[in-house]
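Note on naming: letters A, B, ... go to the chains in the order of the sequence lines (proteins, then strands), and numbering restarts at 1 for each one.
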Amino acid sequence: MNENEEIQPGRILVLCALPYTNAVPHIGNIVGSHLPADIFARYCRLRGKETLFIGGADENGTPTEVATIELHVSPKQLTDALYLIHKKIYNWFWISYDNFSRTSTSTHHKTTQEFFSKIYENGYISEGVLSLPYCEHDKLFLPDRYVEGTCPYCQYSKARGDQCEQCTRLLDPDQLLKPRCKICGNTPIVKESKHLFLELEKLIPQLDEWIRSNKHWRIQVISLALGWIKEGLKRRCITRDLKWGVPVPLEGYKEKVLYVWFDAPIGYLSFTKEWAETNNMPEEWRNYWDLEKGKEAKIYNFIGKDNIPFHTIFWPAMIMAHGGLKLPYNVIGLQYCNYEGDKISKSRSWGIFCEKLPESGVDSDVWRYYLTYLIPETKDSDFKWEDFENRVNSEYVGNIGNFIHRTSTFVWKYLGGELPAVQLNKEESIVKEIFLTKKKIEELLDNVRLRDALTEILSLSDKGNRYFQENKPWELIKGSETDKEKCVHIIYVCTLLSISLSILLEPFIPKTSERILNQLNINFQEKWDSIGHPFSKVKHKINEPHVLFEKLTKEKVEMLKATVTKMTPLEEFLRKEKES
RNA sequence: AGCGGGGUGGGGUAGCCAGGUUAACCCGCAGGGCUCAUAACCCUGAAAUCAGAUGUUCAAAUCAUCUCCCCGCUACCA
């Protein structure tokens, strides 16, 4: 990472990996993209940047189509239900999307088809014929993993067409003994089908140069991308024999749809366009995407490590083949978040599943606070209930919460809820600390170092607690007039520190930050720039302080654990959806 | 199997690319202090042969080689 990089003037487009909506999001999905993207987007807005935060549901592709066959529902019924669940959960987490859309919208279909046509006109599309497994019963071409059979090496009877889970060997579907369709169990036949391909090899030099130029990318991202280039790129099939998806706008291919990995990233563009249209500024998207009009803009992609090749190779290649559009400025490839030492798994029901969180009685900011520590910036992280409880109680409630609470209750009880305007000494070390921390946090967040930034904030509140302790205002208030004046000064500084902390914390715990500022009766226009500066020229009255955060009890944690680690099956969701 | 990343006190992490003070931070633990604050807060302390082995170097958590373990990708899951 380039530590000296700074956010320059110009717009910021924050893009979050589009969740594939074939299930309810789990905690790993939140920590792995939505939360870090949101923290960064909120920070950019707080700094006064014109910021746009875009995401949406990825609804096309084989798994969705297969699920509709298995569940006997239409694709629309399924995706409508899942879209609403996803949206509800992200809203609950206060993920501040400017537009959280979906790939089944007409704007998306139109944008994708135009995008395809442009690439086609530019000569980056070729034709070819593939022989693929086909199920005559389900009338469906089967992707490798939807063909099951016996492994030729270890005789495992449930090997998939792409890999045997028992002996981990990579396979081809035609190697399987006794192959059968995963959906209905019938034996698939092999059938030829015409397909379209993206000519990636034409773009190798351009891609290579671009990847190498991005010195500010994380090591994991740049190494993986260069690894793909080194291996050599070949043309990639971009069409599928499915009904559910974006139809291919080309004669002879109208019965097919574009591959979900072709249409999904175009969602970033189409959802931006949709946002612009909705807000009656139909050309505004160009200020983020257009090579000329959006020259000063920067695009940040937040994605999981499984997505790195798509965002560093295939999607950039599509942009290059299209022309006239901006490439990502930074691809923040995050690692995975495990649960209690093992990877999160929907099928084994291992992890925390988000659908019950809104009813859990634990504030979303409590989750956001702890989950920020779990953002797997450099390596896989691990969720542990014990750590969750400890950190929330000792840091969030005990350190930050306590400092703000002890300060404001002191003002309320001993100073009648009022603070006079005080002459601040900028040389006072604790005041200097505020400015120093602010600067450090700017550097860290400009470089998308989210966890380190939160740690810095914690250390500032730590210093606040120490300052309070060392200066003993509770003794001074009982002393002489001089002592009382000194006391007021100390409490003023602590209040200033509380205000600064809540502003610094806004990207992380936005709801609580707002509550603190309300309690302290603060309403700044330019929040970030006011950090560390005197908050009033006249007497300042605060509102009656209330406890900001409840501590987590053992019972509460046990209750939580019992509810949120269970996953509701899709069938049940669809039933509920129908009933309501 | 190939490619990429990771393995750091009891738990969670930073440091590694640009080798160099007693390996940093948070939680936990032990002892002490304080009483404004939600038994909160403050101080002190114990605890790590930096996955293992070999090498380069005056000097290695950091560079190189090999081994073991975990994760991701390998082009038709997304």
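- A gap of 28 Å separates the C1' atoms of B:G7 and B:A78, to the nearest Å.
- Between A:Arg449 and the phosphate of B:G15, there is a side-chain N or O to OP1/OP2 separation shorter than 4.0 Å.
- Listed candidates were B:U38, B:C41, B:G12. Nearest to the side chain of A:Lys384 is B:G12.
- The side chain of A:Gln220 sits closest to B:G5 out of B:G5, B:C27, B:G72.
- Nearest nucleotide to the side chain of A:Lys413, out of B:A78, B:C36, B:C73: B:C36.
- A:Ile477 comes within contact range of no nucleotide atom at all, as no heavy-atom separation falls under 4.0 Å.
- Picking from B:U13, B:G72, B:U35 the nucleotide with the shortest atom distance to the side chain of A:Ser381 gives B:U13.
- The side chain of A:Arg240 has B:C76 as its nearest neighbour among B:C76, B:C36, B:G15.
- Residue A:Arg235 has no polar side-chain atom (N or O) positioned under 4.0 Å from OP1 or OP2 of B:A75.
- One C1' atom belongs to B:A46, the other to B:G32, and the distance between them is 15 Å to the nearest Å.
- With rounding to whole Å, A:Ile222 atom CD1 is found 19 Å from B:C3 atom P.
- Residue A:Asn390 has its side chain nearest to B:C27 when only B:A75, B:U35, B:C27 are considered.
- Shown here, B:G2 forms a base pair with B:C73; the pair counts as Watson-Crick or G-U wobble because both key distances fall under 3.5 Å.
- Atom C1' of B:G10 sits at a distance of 36 Å from the matching atom of B:C3, rounded to the whole Å.
- Taking 3.5 Å as the limit, the base of B:C36 and the side chain of A:Gln469 contain a donor-acceptor pair of atoms between them.
- In this structure, of B:G15, B:A75, B:G12, it is B:A75 that holds the atom nearest to the side chain of A:Leu233.
- Spacing between B:C71 and B:C29 at atom C1', rounded to whole Å, works out to 32 Å.
- Among the nucleotides B:U38, B:C77, B:G5, the one closest to the side chain of A:Pro143 is B:C77.
- No engagement by A:Phe141 is indicated, since no non-hydrogen atom pair under 4.0 Å with the nucleic acid exists.
- Between A:Thr407 and B:A37 there is no side-chain polar atom (N or O) within less than 4.0 angstrom of OP1 or OP2.
- Counting any heavy atom pair closer than 4.0 Å across all strands shown, A:Lys472 reaches no nucleic acid atom.
- For the OP1/OP2 pair of B:C70 and a distance below 4.0 Å, the side-chain nitrogens and oxygens of A:Lys379 include no atom meeting the criterion.
- Across the protein-nucleic acid pair, A:Leu242 atom CG and B:C76 atom P stand 13 Å apart, rounded to whole Å.
- Between A:Asn307 atom CG and B:C73 atom P there is a gap of 9 Å when expressed in whole angstrom units.
- For A:Leu170, the side-chain atoms get nearest to B:U74 when compared with the rest of B:A75, B:U74, B:G72.
- Counting heavy atoms from C-beta outward, A:Thr512 and A:Arg368 have side chains that stay 4.5 Å or more apart.
- Closest to the A:Asn402 side chain, of the nucleotides B:C77, B:A37, B:U74, is B:A37.
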